[in-house]
Amino acid sequence: SQTIHQWPATLVQPVGSPLSLECTVEGTSNPNLYWYRQAAGRGLQLLFYSVGIGQISSEVPQNLSASRPQDRQFILSSKKLLLSDSGFYLCAWSVDGVNTEAFFGQGTRLTVV
Amino acid sequence: GQNIDQPTEMTATEGAIVQINCTYQTSGFNGLFWYQQHAGEAPTFLSYNVLDGLEEKGRFSSFLSRSKGYSYLLLKELQMKDSASYLCAVLSSTNAGKSTFGDGTTLTVKP
């Protein structure tokens with residue numbers, strides 16, 4: 001069966017510090033991968049998606065970047081965090097080429113102080 | 001552009017039926033998802049509609065009208081554990097399976 005792992009679950013970082021959130025998927029190959037951010041009481045905003053290794057598309061301009069160094073690994077990064085980067089970050093995957101649902105990781109609650 | 005509207009909050013009584021509506025205007029349409037999200041947790045998949053009509057799955061049903069840009073999620077025999085946020089999401093493009101999410105409807109089930 002397929003599983004998705006995202007860590008850490010919670011993170012408190014000072015303004016200006018770097019960020020690295022990691023997500024890995026097991027039990028499938030060539031998945032579509034996504035990073036979403038969710039503000040309190042709001043829906044999910046798609047930040048990045050990837051259809052393959054090294055292929056990253058950004059949906060919104062921001063202080064963040066993403067990388068896919070391996071087929072089932074997706075990393076969200078920042079060189080210098082801003083207060084506005086606080087939020088609930090969710091990694092997700094879906095089956096490539098098929099209209100199927102997304103499967104989400106447990107999420108990371110990031111607080112920038 | 002993409003626009004998905006849902007009511008912000010709803011309240012219902014245990015054992016009752018509740019209908020959560022979603023209207024959408026998107027540049028592409030390849031299906032509509034409903035997800036359930038408990039506070040502080042990740043969303044989990046409930047249903048997927050791509051053709052007009054009603055899809056029933058246990059206590060939950062989902063309806064779609066593509067011509068009206070409208071969907072609803074129907075929850076029957078409400079239980080306390082159904083208290084959660086319900087997210088409507090449109091699969092706007094088959095390219096990479098990208099979905100656009102609404103802001104969600106927070107449902108509170110009272111005894």
Side-chain angles (χ1 to χ4, degrees), chain A residues 2-7 9-10 21 23 25 28 30-53 55-60 66 68 74 87-111, chain B residues 1-10 20 22-24 26-51 55 57 60 62 64 84-108:
Chain A
Q2 300 89 5
T3 56
I4 179 169
H5 303 279
Q6 180 185 345
W7 66 94
T10 59
L21 302 181
C23 172
V25 180
T28 188
N30 197 34
N32 295 325
L33 295 172
Y34 314 90
W35 278 109
Y36 288 91
R37 178 169 58 201
Q38 186 175 33
R42 302 296 301 275
L44 278 63
Q45 179 187 36
L46 181 62
L47 303 177
F48 301 95
Y49 70 91
S50 172
V51 299
I53 296 174
Q55 301 180 59
I56 309 294
S57 296
S58 174
E59 287 293 290
V60 293
R68 185 172 178 172
F74 206 24
F88 190 46
Y89 289 83
L90 289 155
C91 179
W93 73 274
S94 69
V95 177
D96 179 44
V98 180
N99 292 354
T100 63
E101 70 272 26
F103 300 91
F104 289 85
Q106 66 172 358
T108 298
R109 177 75 58 191
L110 172 66
T111 304
Chain B
Q2 321 281 18
N3 190 37
I4 299 178
D5 289 316
Q6 307 177 233
T8 302
E9 296 178 337
M10 298 185 72
I20 303 174
C22 171
T23 59
Y24 63 89
T26 57
S27 57
F29 182 83
N30 289 282
L32 186 144
F33 296 100
W34 284 96
Y35 291 87
Q36 180 190 61
Q37 185 179 25
H38 286 98
E41 298 181 7
T44 55
F45 168 76
L46 290 177
S47 67
Y48 172 66
N49 294 68
V50 66
L51 299 176
E55 294 279 345
K57 189 184 295 185
F60 294 3
S62 56
L64 176 68
S85 180
Y86 291 85
L87 302 170
C88 172
V90 173
L91 185 62
S92 52
S93 171
T94 53
N95 178 24
K98 294 188 294 179
S99 288
T100 302
F101 283 79
D103 283 347
T105 299
T106 300
L107 173 66
T108 302

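Since the structure is predicted, the reported quantities are computational estimates derived from the model, not experimental observations. So you know, we letter chains A, B, ... as the sequences are listed, proteins then strands, and number each from 1.
Centroid-to-centroid, the aromatic rings of A/Phe104 and B/Phe45 stay 6.0 Å apart or farther.
Contacts between A/Gln45 and chain B at a heavy-atom distance below 4.5 Å are absent for every atom of the residue. For a residue to count as touching a neighbouring chain, one of its non-hydrogen atoms must lie under 4.5 Å from one of that chain's; by this rule A/Tyr36 touches chain B with the side chain only. For a residue to count as touching a neighbouring chain, one of its non-hydrogen atoms must lie under 4.5 Å from one of that chain's; by this rule A/Ala39 does not touch chain B. Residue A/Gln6: no heavy atom, backbone or side chain, is found under 4.5 Å from chain B.
How far CD of B/Glu41 is from CZ of A/Phe88: 8.5 Å, rounded to the nearest 0.5 Å. Taking OG from B/Ser85 and CD from A/Gln38, the interatomic distance works out to 7.0 Å, rounded to the nearest 0.5 Å. To the nearest 0.5 Å, atoms OG (B/Ser99) and OH (A/Tyr49) are separated by 12.0 Å.
Most heavy-atom pairs under 4.5 Å with chain A: of the set B/Ile4, B/Val50, B/Asp103, B/Thr100, this distinction falls to B/Asp103. When B/Pro43, B/Ser47, B/Gly104 are compared by the number of non-hydrogen pairs under 4.5 Å with chain A, B/Pro43 comes out ahead. Ranked by non-hydrogen atom pairs under 4.5 Å with chain B, the options A/Leu44, A/Thr100, A/Val95 are led by A/Leu44.
Remark: A/Ala66 pairs with A/Trp35, A/Phe48, A/Ile56, A/Phe74 by the side-chain contact (heavy atoms from CB on, under 4.5 Å) rule, at least two apart or across chains. Partners of B/Thr105 by side chain to side chain donor-acceptor pair (under 3.5 Å), not counting sequence neighbours, listed by chain and number: B/Gln6.
A/Glu101 places none of its side-chain heavy atoms less than 4.5 Å from the side chain of B/Tyr48.
Contact between B/Ala42 and A/Gly105 at its shortest, heavy atoms only, is CB-O, 2.9 Å.
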